[in-house]
Amino acid sequence: MANEGRMTRLASMLRRRGVILPSFEIYGGVSGLVDYGPVGASIKRRVIDCWIEHWTGIPNVREVDSPTITPEPVLVASGHVGEFNDHMSECGDCGGVFRSDHLLSGSHDFPDSLDASQLDSEIENNGVCCPSCGSKEWKGASPMNLMFRTSIGAMGKARQAYMRPETAQGMFMLYPALFRHFRQKLPFGAVQTGRGYRNEISPRQGMIRLREFNMAEMEYFIDPESPPEVDLGSWDSRVVLIPDPEGSFAGEKKISFAEAFDSGIVRHPTVAWFLAMTLEFLEKVGIDTGKVRFRQHASTEMAHYASDCWDCELAGEHGWVECVGIANRTCHDLIAHQEHSGSSQLRGWREYETPRQEIRDTLAPIGSVIGPKFKERANEVTKLLGDIVEIPDELPFKLELEDGSIIEIGEDMVTRRTEEVTIRGEYFTPHVIEPAFGIDRIIWHILDHNFNEIEKEGEMYTILSLEQSVAPFDVAVLPLFDKDGMGEMAREIASEVNSIMGITADLDTSRSIGRRYARCDEIGVPWAITVDHTSLEDGSVTIRRRDDQAQVRVDVGALLTHLSAGAVPELF
RNA sequence: GCGCCUGUAGUGAAGGGGUUAUCACAAGAGGUUUCCAACCUCUUGUCCCGGGUUCGAAUCCCGGCGGGCGCACCA
């Protein structure tokens, strides 16, 4: 990094001012867990609010909220229990730990599919050496699950559960409710923000890799045969894209989203749309768009559920960091849950433009005959009759049961019907496009991109140039001195400002006015109202703009009006 | 998980087997001050935790926890 020590100073400031701090510090701290302090929590809340507002701006998108504790079968169906159970092999000499399947990647076609003992024998048979020390002494492979295990119920019959590794599954569980809510018409979407948990082996880099983290995800359900039409023309800025390095577009490009889609780099129109929406959001919350790039996953690194995946990476003190993933998860999750749960509610209905007429032959079983005749096998017979595709022309006919026995279906057992039916549409499993945001990583980059160290009268001076929408306070109210009634007037103004919905004021009365401006600048408060002697005489105050320290005098009433209308800049 | 480095007020640092651990900035109280970290007085607050060596450990050793970097991991 060009500016030595900048990251240290930023991290120190965040701790000193109560933005982001290590958790449980008086007990020694826990790696991978952080606190948002009295200033940071406001920033986080506002970033999340901006995010919700941004994505619910899409028609037919609603917020939902589901539990973090998730029963095991849900995560078995989603693939997380299997996927998270990677086996790890430990070197007996140097203690290095490696994924067992990676050790075999050159010598076995499907190392993923092996169990622990198979992995061990394959490793031994192939003479795999430890990548760090070259030893061939391996301890047995053992599963490593990155999810936090817990159980539901305190006593003996407790059910196995996990803390969710993503919010997405909760939204898939809500699919039937969403389908009803949106009057059974796709596309629609659900957004959810909340905590996710991954028991990382070694969390590092401050708040970049956390064990408990804040995420924000949208599941946008579409009919794969008629994805929503999007006009990408309204996002005309050029962005840096890094297409699949193994694909035909390999190599960094700087083009617009429309061009990227038209040329086939971005394969799906909805994915292209969400890439553009993502950039727009990041810009709104104060990310420097010059430090944004989108990288397409190579097919080999794709998550188990994704068919096309783009990462949005942000540049900062930690280099390029993945902060958003946009994945076309196709119908993978809904199909998996349908199969594991047996639910038939995880589908959409596609109406044909013109209804189809079909002649349908059916054999309706007559239970009063089949029952007594086949007894315990009657259920199977009934089911098989319903499944017959080619109805035999003549009765009686032979039917083979599962156990191989052949039975004869006679005329007295069924009613043969030929009817003309009108088919108006068909069921299908929707596809889902998912933008998933790592909120903590985005907050880190907002802080990073807006942390400005300038020189003021020969000394270093810090300004956090946050957008007002994500600033910890909208405005600071500062009496020039806390005497002669200036303090009282400031307190009144602060409480009036706080009574405006969505606007918060911080009151600071201690020490010199210059010092208080500096404190506000450091945590990114965009505006400061100062109450001075003139204020006591004529009810006017001054308002100071953080970014250039310009100050104008206005009537308090007018200022409050501008504050509630978000029109303070017009005063300058 | 492994290796190397590392841990002293809120932050940044100095020091260090022996009386009461030092400095700057920050913070609190009071004073002063008619707008950008001013000044004066006073105040609060620190050796990560545990064990060992020692007459004596914040200092040396071991372990744990935390942090940094490298390797590995990051669905």
Side-chain angles (χ1 to χ4, degrees), chain A residues 5 7-18 21-33 37 75 78-86 88-91 93-99 101-103 112 130-133 139 142 144-147 165-166 196 198-206 208-211 297 301-306 309 318 321-322 325 327 438 456-463 478-484 486 510-522 528-536 541-544 546 548-551 553:
Chain A
M7 175 153 64
T8 310
R9 290 191 297 276
L10 171 55
S12 300
M13 185 278 280
L14 297 177
R15 296 176 69 158
R16 188 161 35 81
R17 297 306 308 275
L21 317 86
S23 297
F24 309 112
E25 209 182 7
I26 64 170
Y27 284 97
V30 179
S31 156
L33 301 178
L75 295 164
S78 70
H80 286 94
V81 170
E83 284 290 321
F84 273 77
N85 270 318
D86 288 326
M88 303 292 285
S89 294
E90 185 180 347
C91 172
D93 279 345
C94 74
V97 176
F98 307 89
R99 273 180 56 165
D101 54 342
H102 287 189
L103 291 172
D112 257 351
C130 171
S132 55
C133 75
K139 295 180 184 171
S142 58
M144 177 199 61
N145 195 299
L146 288 182
M147 289 192 292
E166 58 173 20
R198 291 173 201 178
N199 204 351
E200 297 279 356
I201 298 170
S202 85
R204 285 273 180 85
Q205 298 177 300
I208 300 298
R209 279 177 70 190
L210 297 172
R211 288 187 164 127
H297 281 206
E301 70 169 323
M302 213 102 74
H304 65 271
Y305 47 71
C309 188
H318 294 291
V321 173
E322 174 197 346
K456 191 172 173 183
E457 285 157 27
E459 289 191 16
M460 191 189 279
Y461 189 87
T462 302
I463 299 181
L478 315 171
L480 192 55
F481 304 108
D482 191 3
K483 63 175 190 182
D484 301 336
M486 284 181 271
S510 76
R511 301 279 216 143
S512 78
I513 190 72
R515 176 169 298 222
R516 282 175 279 156
Y517 288 144
R519 290 198 279 226
C520 294
D521 291 343
E522 192 177 39
I529 297 171
T530 308
V531 177
D532 59 13
H533 292 85
T534 311
S535 311
L536 299 174
V541 292
T542 63
I543 176 109
R544 172 188 182 272
R546 174 195 65 205
D548 60 358
Q549 288 134 60
Q551 225 166 353
R553 180 169 288 277

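Just so you know, these numbers use all the heavy atoms, side chains as well, and skip hydrogens, waters and symmetry mates. Proteins get letters first, then strands, A, B, ... in listed order; numbering begins at 1 in each.
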Task: Span that lies between the C1' atom of B/U22 and that of B/U53, in whole angstrom - done: 28 Å
Open item on the list: For A/M486 versus A/L480, what's the shortest heavy-atom pair and its separation?
Closed with: SD-CB, 4.0 Å
Task: B/A29 - base-pair partner by Watson-Crick or wobble geometry, distances under 3.5 Å - done: B/U41
Open item on the list: Ignoring hydrogens and geometry beyond distance, is the side chain of A/S202 in donor-acceptor contact with the base of B/A72 at under 3.5 Å?
Closed with: yes
TODO: Provide the closest heavy-atom pair for A/L75 versus A/S78 in the form atom of the first, atom of the second, distance.
DONE: O-OG, 3.1 Å
Task: Atom-to-atom span, CD1 of A/I201 to C1' of B/C71 - whole angstrom - done: 13 Å
- [ ] Verify, without hydrogens or angle tests, whether A/R511 (side chain) and A/R516 (backbone) share a donor-acceptor contact under 3.5 angstrom.
- [x] no
Task: Length of the OH-P vector between A/Y27 and B/G66, whole Å - done: 16 Å
Open item on the list: List the residues meeting side chain to side chain contact (heavy atoms under 4.5 Å, CB included) with A/E200, not counting sequence neighbours, and say none if there are none.
Closed with: A/R198, A/P203, A/R209, A/R211
Task: Single hit among A/T530, A/V541, A/T542 for side chain to side chain contact (heavy atoms under 4.5 Å, CB included) with A/R553 - done: A/T542
Task: Donor-acceptor under 3.5 Å (A/R17 side chain, A/R519 main chain) - done: yes
TODO: Do nucleotides 7-14 of chain B as a string where each nucleotide becomes B, S or -: B if the base has a protein heavy atom under 4.0 Å, S if just the sugar-phosphate does, - if no protein is that close.
DONE: ---SSS--
TODO: Using both distances under 3.5 Å as the test, list the Watson-Crick or G-U wobble partner of B/C65, or none.
DONE: B/G7
Task: Closest non-hydrogen atom pair, A/A518 against A/Y461 - done: CA-OH, 3.1 Å
Open item on the list: Please give the distance between the P atoms of B/U19 and B/A57 as a whole number of Å.
Closed with: 13 Å
Open item on the list: Treating primed atoms plus P, OP1 and OP2 as sugar-phosphate and everything else as base, which nucleotides of nucleotides 31-40 of chain B get B, S or - for protein heavy atoms under 4.0 Å?
Closed with: --BBBBBS--
Task: Whole angstrom value for the distance that separates C1' of B/C73 from CD of A/Q205 - done: 13 Å
TODO: With C1' as the reference atom in both, quote the distance from B/U46 to B/A13 in angstrom, rounded to an integer.
DONE: 13 Å
Task: P gap between B/G52 and B/A58, integer Å - done: 13 Å
Task: Pairwise P distance for B/C47 and B/G28, with rounding to whole Å - done: 23 Å
TODO: Classify the nucleic acid contact of A/G206 as base, sugar-phosphate or nothing, counting any heavy atom under 4.0 Å across all strands shown.
DONE: sugar-phosphate
Task: Protein-nucleotide distance (A/R209, atom CZ; B/C69, atom P), rounded to Å - done: 12 Å
Task: Rounded interatomic separation in angstrom, taking CZ from A/R204 and C1' from B/G1 - done: 10 Å
- [ ] Could you give the distance separating B/C60 and B/C5 at their P atoms, to the nearest angstrom?
- [x] 14 Å
TODO: Would you mind reading off the distance between A/L146 atom CG and B/G1 atom C1', rounded to a whole angstrom?
DONE: 13 Å
Task: Whole angstrom value for the distance that separates P of B/G50 from CD1 of A/I26 - done: 14 Å
Open item on the list: Tell me which one of A/Q549, A/R544, A/Q551 satisfies side chain to side chain donor-acceptor pair (under 3.5 Å) with A/Y517.
Closed with: A/Q551
Open item on the list: Checking base pairs now: Watson-Crick or wobble, both atom distances under 3.5 Å. What partners B/C55?
Closed with: B/G18
- [ ] Any strand is fair game: report the nucleotide pairing with B/C71 by Watson-Crick or G-U wobble, both distances under 3.5 Å, or none.
- [x] B/G1
TODO: Mind calculating the distance between CD1 (A/I208) and P (B/G67) to the nearest angstrom?
DONE: 14 Å
- [ ] Examine B/G67: is either OP1 or OP2 under 4.0 Å from a nitrogen or oxygen in the side chain of A/S31? Give yes or no.
- [x] yes
- [ ] Determine the Euclidean distance between corresponding P atoms of B/G68 and B/G56; express it in Å to zero decimal places.
- [x] 37 Å
Open item on the list: So which atom in A/D484 and which in A/L536 form the shortest heavy-atom distance, rounded to 0.1 Å?
Closed with: O-CD1, 3.2 Å
Open item on the list: With a 3.5 Å distance limit and no angle check, can you tell me whether A/D548 reaches the backbone of A/A550 through a side-chain donor-acceptor pair?
Closed with: yes
TODO: Find the partner of B/C36: check Watson-Crick (N1-N3 plus N6-O4 or O6-N4) and G-U wobble (N1-O2, O6-N3) distances, both under 3.5 Å, and reply none if neither fits.
DONE: none
Open item on the list: Using the P atom as the point on both nucleotides, what is the distance between B/C23 and B/U44, in whole Å?
Closed with: 14 Å
Open item on the list: Ignoring hydrogens, what is the shortest heavy-atom contact between A/D521 and A/R546? Give both atom names and the distance.
Closed with: OD1-CG, 3.4 Å
